Amino acid sequence: MRTLLDAIGNTPLVALSRVTAGCHVPVLVKCEHMNPGGSVKDRLALAIVRDAEARGVLAPGATLVEATAGNTGVGLALVAAIKGYSLVCVMPEKMSHDKRSALRALGAEVIITDNAPPGDPKNFQMVARRIAEERGAFLTDQFRNAANPRVHFESTGPEIYAQCEGKVGAFVAGVGTGGTITGVGRYLKGRDPSVQIILADPAGSRLAGLVNEGALGAGSSYLVEGIGSSEVPQVLDPSVIDRAEVVTDRESFEMTHRLVREEGLLVGGSAGTAVVAALRLARDAGMKGPVVALVPDGWDRYRSKIFDPAWMNAVP
Ligand code: PMP
């Protein structure tokens with residue numbers, strides 16, 4: 001019998017048509033917001049749980065603990081619901097209230113931490129680790145779990161390659177854990193080493209410096225959620241990335257609005273970041289094939305932020 005879990009993946013790849021002035025090649029978006037949980041993270045939620053089941057580390061009815069920007073939590077919550085596990089989500093204060101209420105509605109316990117840097121005992125990943133130890137629960141650990149990049153190598157990458165009939169000029173994505181860009185990048189480069197893998201990084205993240213200059217850049221705070229980092233996440237393989245494009249919050253959110261209004265794509269802020277970077281590449285006369293941007297999640301998570309005019313006006 002098919003379940004909702006069979007509806008994860010095999011998302012559409014569609015061409016942008018109205019925001020593409022000046023582009024020499026098509027700009028295509030991989031619509032990960034059309035997964036059942038509304039984000040790319042459904043893929044790794046299912047992969048992490050299946051991998052843990054296969055390794056025999058998940059007893060029936062076990063509790064999962066995840067440090068999440070929100071989307072992995074939603075993916076894990078629906079997988080947990082169907083498979084009969086409990087879920088605790090540890091989320092930094094920065095993340096939208098829409099995400100908190102979605103997770104609570106899905107039956108997860110939600111614990112909010114300070115926006116503390118990596119290594120600080122109050123950091124969301126440190127808190128998740130402590131709670132998993134205290135409760136004897138399974139730490140899903142998307143930042144370290146090899147099942148994360150693997151699922152993108154085995155599903156997202158091959159889907160994009162097939163949907164483009166083998167003709168990809170560049171692939172663009174942001175990095176949260178780095179699972180998406182590492183898995184898709186490795187797959188596409190394995191098929192065609194000339195494919196460019198481009199990091200779309202929020203201004204304020206330190207990763208663009210690492211990719212373009214060889215050392216982490218200066219960091220500062222920014223508003224776009226789920227991408228960028230002040231350290232190199234464990235599952236990220238920076239060697240797969242050719243170059244980084246830096247995108248400001250305002251550029252990201254204005255593009256998100258354009259994608260909704262002009263393209264009918266009901267997407268979130270990090271989609272704007274990826275598409276701004278993709279359009280820059282597609283306007284470069286040297287780009288030979290289509291540019292593929294990954295759309296990580298949908299707009300419903302940001303109603304009280306990007307889609308609230310008062311909030312949007314205050315974005316620097
Ligand atoms: N966009 C959003 C909104 C996310 O929540 C995430 C994951 N935290 C990403 C992009 C980045 O994906 P990945 O973790 O595979 O690098």
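Note that this is a predicted model, so its numbers are computed, not measured. Indexing begins at 1, ligand by ligand and atom by atom, following the structure's order.
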**OP:** May I ask you to list the atoms of ligand 1 that are less than 4.0 angstrom from any heavy atom of Tyr302?
**Re:** 3 (C)
**OP:** Take Phe253 and Trp311 through the test ring-ring contact (aromatic ring centres under 6.0 Å, His included) and record every step on the way to the result.
**Re:** CA-CA 11 Å; Phe253 298 146; Trp311 188 91; 5.5 Å; yes
**OP:** For Ile227, take its heavy atoms, then give the atoms of ligand 1 lying under 4.0 Å from any of them.
**Re:** 1 (N), 9 (C), 10 (C), 11 (C)
Original post:
Cation-pi between Lys94 and Tyr222: NZ/CZ under 6.0 Å from ring centre and within 45° of the ring axis?
Top reply: yes
Original post:
In terms of residue, atom name and distance, what is the protein heavy atom nearest to atom 8 (N) of ligand 1?
Top reply: Gly226 O, 3.1 Å
Subject >> Phe307 ring center near His257 ring center (under 6.0 Å) >> reply: yes
**OP:** Would you check, one step at a time, whether the test salt bridge (Lys or Arg N to Asp or Glu O under 4.0 Å) holds for Arg243 with Glu245?
**Re:** CA-CA 7 Å; Arg243 200 157 49 76; Glu245 290 286 336; 2.6 Å; yes
**OP:** Please check if the side chain of Asn148 supplies one atom and the backbone of Gln142 the other of a donor-acceptor pair under 3.5 Å.
**Re:** yes
**OP:** Would you confirm whether Glu263, through its side chain, and Ser17, through its main-chain N or O, come within 3.5 Å as a donor-acceptor pair?
**Re:** yes
**OP:** Using distance alone, determine whether Lys99 and ligand 1 share an N or O pair under 3.5 Å.
**Re:** no
Original post:
Quick one: does Gly178 get within less than 4.0 Å of ligand 1, heavy atoms only?
Top reply: yes
**OP:** Could you tell me whether the side chains of Arg301 and Asn71 share a donor-acceptor contact shorter than 3.5 Å?
**Re:** yes
Original post:
Can a non-hydrogen atom of Phe143 be found less than 4.0 Å from any atom of ligand 1?
Top reply: no
Subject >> Interfacing atoms of ligand 1 (cut-off 4.0 Å, heavy-atom, Pro296) >> reply: 1 (N), 2 (C), 10 (C)
Original post:
Does the side chain of Arg43 come under 3.5 Å of the side chain of Ser155 through a donor N or O and an acceptor N or O?
Top reply: yes
Original post:
What is the nearest protein non-hydrogen atom to atom 11 (C) of ligand 1, stated with its residue, atom name and distance?
Top reply: Gly176 N, 3.4 Å
Subject >> Residues Thr72 and Glu66: side-chain donor-acceptor under 3.5 angstrom >> reply: no
Subject >> Polar atom proximity, Asn71 to ligand 1 (N or O, under 3.5 Å) >> reply: yes
**OP:** For ligand 1, find out whether one of its N or O atoms is nearer than 3.5 Å to an N or O atom of Ser270.
**Re:** yes
Subject >> Thr177: numbered ligand 1 atoms lying under 4.0 Å from its heavy atoms >> reply: 13 (P), 14 (O), 15 (O), 16 (O)
Original post:
Can you list the atoms of ligand 1 that are under 4.0 Å from a heavy atom of Asp297?
Top reply: 3 (C)
Original post:
For ligand 1, which atoms have a heavy atom of Gly179 less than 4.0 angstrom away?
Top reply: 15 (O), 16 (O)
Original post:
Side chain of Thr113, backbone of Asn123: donor and acceptor closer than 3.5 Å?
Top reply: no
Original post:
Which of the numbered atoms in ligand 1 are below 4.0 angstrom from a heavy atom of Val175?
Top reply: 16 (O)
Original post:
Which atoms of ligand 1 have any heavy atom of Glu225 under 4.0 Å away?
Top reply: 2 (C), 3 (C)
**OP:** Work out whether the distance between some heavy atom of Lys41 and some atom of ligand 1 is less than 4.0 Å.
**Re:** yes
Original post:
Is the CZ atom of Arg261 crowded by more than 12 outside heavy atoms at less than 6.0 Å?
Top reply: no
Original post:
If you measure from each non-hydrogen atom of Thr180 to ligand 1, which part falls under 4.0 Å: side chain, backbone, both or neither?
Top reply: both
